[in-house]
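Just so you know, ligand 1 is whichever comes first in the structure, and atom 1 is the first atom listed for that ligand.
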Amino acid sequence: MARAPAQPRQAAGTARVLHSAAFAPERARRLMVGRLREWGVRDERVLAAMDAVPRHAFVDEALASRAYEEIALPIGHAQTISRPLSVARMLDAALSRPRSVAQLQVPDKLRALEIGTGCGYQAAVMAHLFDEVYSIERIRALHESARRNLRPLRISNLRLVFGDGRDGLASAAPFDVIVVAAAGNEVPPPLLLQMRIGGCLIAPIGEQEQTLHRVDRVGETDWRLTVLDEARFVPLRSGTI
Ligand code: SAH
């Protein structure tokens with residue numbers, strides 16, 4: 001005769017483990033911000049913005065508990081949500097003003113453009129940092145899912161645009177800050193022309209080997225290039241799908 005399996009005890013044990021490992025987004029977010037600070041992200045405005053945005057709300061529910069880890073997670077259509085340090089570094093760089101542009105006047109209202117909305121996470125963080133934010137995505141399904149992810153957050157200063165971000169967004173230019181979240185071989189020329197004088201652009205450049213670049217527009221026809229850290233981003237592609 002078969003003996004009754006010892007299932008109830010096992011099940012109780014599993015339940016205890018699950019309970020103690022329950023996902024607590026606020027705590028995970030605080031830990032993430034602490035790590036970013038340790039890794040050299042200095043700008044408190046960036047850290048506060050990343051503390052405010054529920055990153056787990058931008059990924060599939062099955063991945064939510066991993067949203068605050070230092071990894072890029074899939075968001076569908078062969079794209080990823082950038083790892084927290086990538087987002088923080090780009091925005092930290094965008095907000096610091098090098099000496100070459102420090103004497104130029106800063107406008108009262110800062111207007112920013114993101115190329116590569118993806119799931120909408122970085123756009124939400126940017127909406128905490130700038131007065132007006134525009135974000136362009138070339139994959140319609142992602143543009144729409146970003147809209148769905150962002151709706152419950154009720155962010156009023158963010159506009160999502162479907163299109164090829166390599167053309168920029170002439171109707172809303174000039175921009176004080178442009179952040180490109182995908183790597184191309186060069187900075188698309190329209191983006192350079194849509195920068196305000198005194199504004200900056202942060203973009204990863206390269207294919208296998210990528211480096212984050214900072215471009216400052218210091219005059220009508222004068223741009224300064226600074227190479228920042230190594231980077232790893234999905235490719236900047238042309239056209240829309
Ligand atoms: N900003 C996102 C990162 C998304 S990954 C985040 O918060 O994590 C980069 C995104 O750039 C992808 O969704 C990809 O489809 C998009 N992309 C690539 N080339 C583009 C282009 N030319 N115009 C607009 N979006 C582009």
Side-chain angles (χ1 to χ4, degrees), residues 29 32 36 41 46 49-50 52-60 63-64 66-94 112-130 133-150 153 155 158-173 175 177-192 194 201-207 210 212 231-241:
R29 199 149 60 236
M32 173 191 79
L36 295 174
V41 178
V46 173
M50 291 186 66
V53 177
R55 188 172 156 90
H56 63 282
F58 291 85
V59 296
D60 200 89
L63 295 172
R66 307 204 63 191
Y68 296 96
E69 294 176 23
E70 199 44 50
I71 45 175
L73 293 169
I75 55 171
H77 307 272
Q79 306 301 322
T80 54
I81 178 173
S82 302
R83 51 188 281 223
L85 188 60
S86 291
V87 174
R89 274 198 181 140
M90 288 218 274
L91 298 176
D92 204 32
L113 172 68
E114 178 191 36
I115 311 302
T117 316
C119 59
Y121 171 70
Q122 179 161 318
V125 176
M126 289 173 72
H128 281 263
L129 297 170
F130 305 104
V133 178
Y134 297 82
S135 180
I136 312 180
E137 172 57 53
R138 68 178 283 274
I139 301 178
R140 189 181 283 280
L142 283 178
H143 163 74
E144 278 162 8
S145 76
R147 207 177 272 302
R148 276 195 302 278
N149 294 338
L150 286 160
L153 303 184
I155 301 173
L158 171 60
R159 298 275 170 279
L160 299 185
V161 178
F162 170 63
D164 183 345
R166 296 179 324 146
D167 299 332
L169 193 65
S171 59
F175 297 100
V177 166
I178 300 181
V179 173
V180 187
N185 286 324
E186 57 162 13
V187 177
L191 299 185
L192 294 175
Q194 290 175 23
L201 174 148
I202 310 290
I205 304 288
E207 283 174 11
Q210 302 171 5
L212 204 58
R232 204 155 96 221
F233 285 81
V234 296
L236 186 70
R237 300 212 189 276
S238 56
T240 54
I241 53 169

(message) So Arg29 and His56, do their side chains get closer than 4.5 Å, heavy atoms only?
(response) yes
(message) Can you list every protein residue that has a heavy atom under 4.0 Å from any atom of ligand 1, sorted by chain and residue number?
(response) Gln79, Thr80, Ile81, Ser82, Glu114, Ile115, Gly116, Thr117, Gly118, Tyr121, Gln122, Ile136, Glu137, Arg138, Ile139, Leu142, Gly163, Asp164, Gly165, Arg166, Ala181, Ala182, Val234, Pro235, Leu236, Arg237
(request) Ignoring hydrogens and angles, tell me if any N or O in the side chain of Glu137 forms a donor-acceptor pair with the backbone of Gly118 under 3.5 Å. (result) yes
(message) With heavy-atom distances below 4.5 Å as the criterion, would you say the side chains of Met50 and Val41 are in contact?
(response) no
(message) In terms of relative ring orientation, are Phe175 and Tyr134 parallel, tilted or perpendicular, with 30° and 60° separating the classes?
(response) perpendicular
(request) Return yes if some donor-acceptor pair links the side-chain N/O of Gln210 with the main-chain N/O of Ala182 below 3.5 Å, else return no. (result) no
(request) Using the six-membered ring wherever Trp is involved, compare the ring planes of Phe58 and Tyr121 and label them parallel, tilted or perpendicular (cut-offs 30° and 60°). (result) perpendicular
